[in-house]
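Worksheet: one structure, shown below.
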There are 2 protein chains.
Amino acid sequence: MSRMIPLDNLEPTERSERKDAAANRALILETAETLFAERGAANVKMADIAQAAGVGKGTLYRRFANKAELALALMDTQMRDFQEAMLGRMRQQSAQGMLKLDQLDQFLDALVYFVDRHNPLLCVVQAEGLLDGVGESDYQRPHFWQHMTVVGLLNEAMAAGELPDDLDTIYIADALLAALHASLFRFQREGRGFSLERISAGLRRLVRGLRCGE
Amino acid sequence: MSRMIPLDNLEPTERSERKDAAANRALILETAETLFAERGAANVKMADIAQAAGVGKGTLYRRFANKAELALALMDTQMRDFQEAMLGRMRQQSAQGMLKLDQLDQFLDALVYFVDRHNPLLCVVQAEGLLDGVGESDYQRPHFWQHMTVVGLLNEAMAAGELPDDLDTIYIADALLAALHASLFRFQREGRGFSLERISAGLRRLVRGLRCGE
DNA sequence: TATTAAAGTGGACTTAAGTCCGCTTGTTGT
DNA sequence: ACAACAAGCGGACTTAAGTCCACTTTAATA
């Protein structure tokens, strides 16, 4: 019997990962997680991970093009969880009639705590792609849905009359999220001694300034 | 005759650079500038620079610990010029009684154009120190006087009653400058297609929101 | 089950950053 | 002028990222 190909999808229909490969991926992730936890992500070499996992470097790099991608994969579950939790909460808040700007406040506050908890891995993730071509820099993937979310809330707030209607929401979302980049965040926490509350309040103060009737 | 040592400064009194060393420093800078201009800073290897300058790698690294430091040295003059021009202008504006917030507006606008003009080198400069210890990351040197300036203007605006007196000016300066980091800036320009005017306006809109009587 | 092509694998190899150290040269004090 | 020593120098060496490719394994099909 010939292999089934959906009639409405004659595209490559890429086969899913072979199961030995999937096993190795999982093994690599576990190993990396352990090593990162033991020595700190910055002190772990790709070769260490390969050796500890008992695989060759070729295998490691076939799955993860670099440490940033590996770190991102390690955070994947937690990012999804956070994302889902936020979307769920926002849906509920909207149903209860909470103002969009208040939702944005809470979103940003939650994000501050998220960035704090995952700061070491986020630093690794964001260390990539600062010199390369533009399209694939770190401003694409990890921040993408956050950006979407902030823009969405700002636009809704604008539509609801909570904000003046001439705001450049895309730019503002960029600026707000830039203030939460892992390396700056770390500097603020460790170098400047800022508390999470201070960062959250400072960021939300910027949003508050955008409101109508100022 | 014994070497003069100021009586009020018995510290090491480090000798100034030897003149052959100074000549090499200049040679390296010229060479690097040429190569950067020819191929783009990202495509120039440290070894290339050493070879083109006709010096060993040891010599190169003795002067500049890495490409970021070298790039920073290349920008040094222009940064000083910009800084002096800004300080001069601000002094004049203050003498004329211009509001501090308007001065801040103009400063940020000028900074947008500065970051645009020097974006390639700034990307190299900022590519360093994102994983290392906190104290010496790029949030220290290149941004330091900019941060000082913004904090100063904000504080003066606050003292003059142009801003409410409960603002976290240090945090706000961090956030505003974060929005001008070279890699984000480049993404906004090339990836998002933002104009300089749009970036400047967006940034200044955030400042405007902080004003009194909103 | 046998065939076979694509996917997966390991580790040698390449590239580039950055360090080290024995030799050279400029500077200072006599 | 010259001795002595610190600063400067070059390039071999080390470290780590990332690529390549000949060989092996899986799984779809006949």
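A note on names: the letters A, B, ... follow the listed sequences, proteins ahead of strands, and every chain is numbered from 1. Note that the structure is predicted; figures quoted are calculated from it, not measured.
Under 4.0 angstrom from either OP1 or OP2 of D:dG8 there lies no side-chain N or O belonging to B:R25. A close approach under 4.0 Å does not occur between any side-chain nitrogen or oxygen of B:K19 and OP1 or OP2 of D:dG8. Using a 4.0 Å cut-off, no side-chain N or O of B:N24 falls inside it from OP1 or OP2 of D:dG8. Phosphate proximity of D:dG10 to B:T59: present, with a side-chain N or O under 4.0 Å from OP1 or OP2.
For B:E17, counting side-chain heavy atoms from C-beta on, the closest listed nucleotide (C:dG8, C:dG10, D:dG8) is D:dG8.
Rounded to whole angstrom, the span from the CG atom of A:L60 across to the P atom of D:dT19 amounts to 12 Å. Regarding A:F64, its CZ atom lies at a distance of 12 Å from the P atom of C:dG8, rounded to whole Å. For B:D20 and D:dA7, the CG to P distance is 13 Å, given to the nearest whole Å.
Using a 30° and 60° split on the angle between ring planes, A:F107 and A:F82 fall in the tilted class, from 30° to 60°.
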Extract from the structure each pairing of a protein N or O with an N or O of nucleotides 16-19 of chain C at less than 3.5 Å, listing the distance.
residue : atom : partner : partner atom : Å
C:dA16  : OP2  : B:K45   : NZ           : 2.8
C:dA17  : OP2  : B:M46   : N            : 3.4
C:dA17  : N7   : B:K57   : NZ           : 3.4
C:dG18  : N7   : B:K57   : NZ           : 2.8
C:dG18  : O6   : B:K57   : NZ           : 2.6

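Judged by distance alone, the side chains of A:T59 and A:N24 never bring a donor and an acceptor atom under 3.5 Å apart. Side-chain contact, A:Q106 with A:Q93: a donor N or O sits under 3.5 Å from an acceptor N or O. Looking only at atom types and distance, the side chain of B:Q103 has no donor-acceptor partner in the side chain of B:E156 under 3.5 Å away. No donor-acceptor contact under 3.5 angstrom links the side chains of B:H181 and A:H181, judged on distance only.
Nearest heavy atoms, B:M46 versus B:F64: CE-O, 4.2 Å.
For the pair B:R62 and B:R18, both in contact range of DNA chain C, the more 5′-proximal nearest nucleotide belongs to B:R62.
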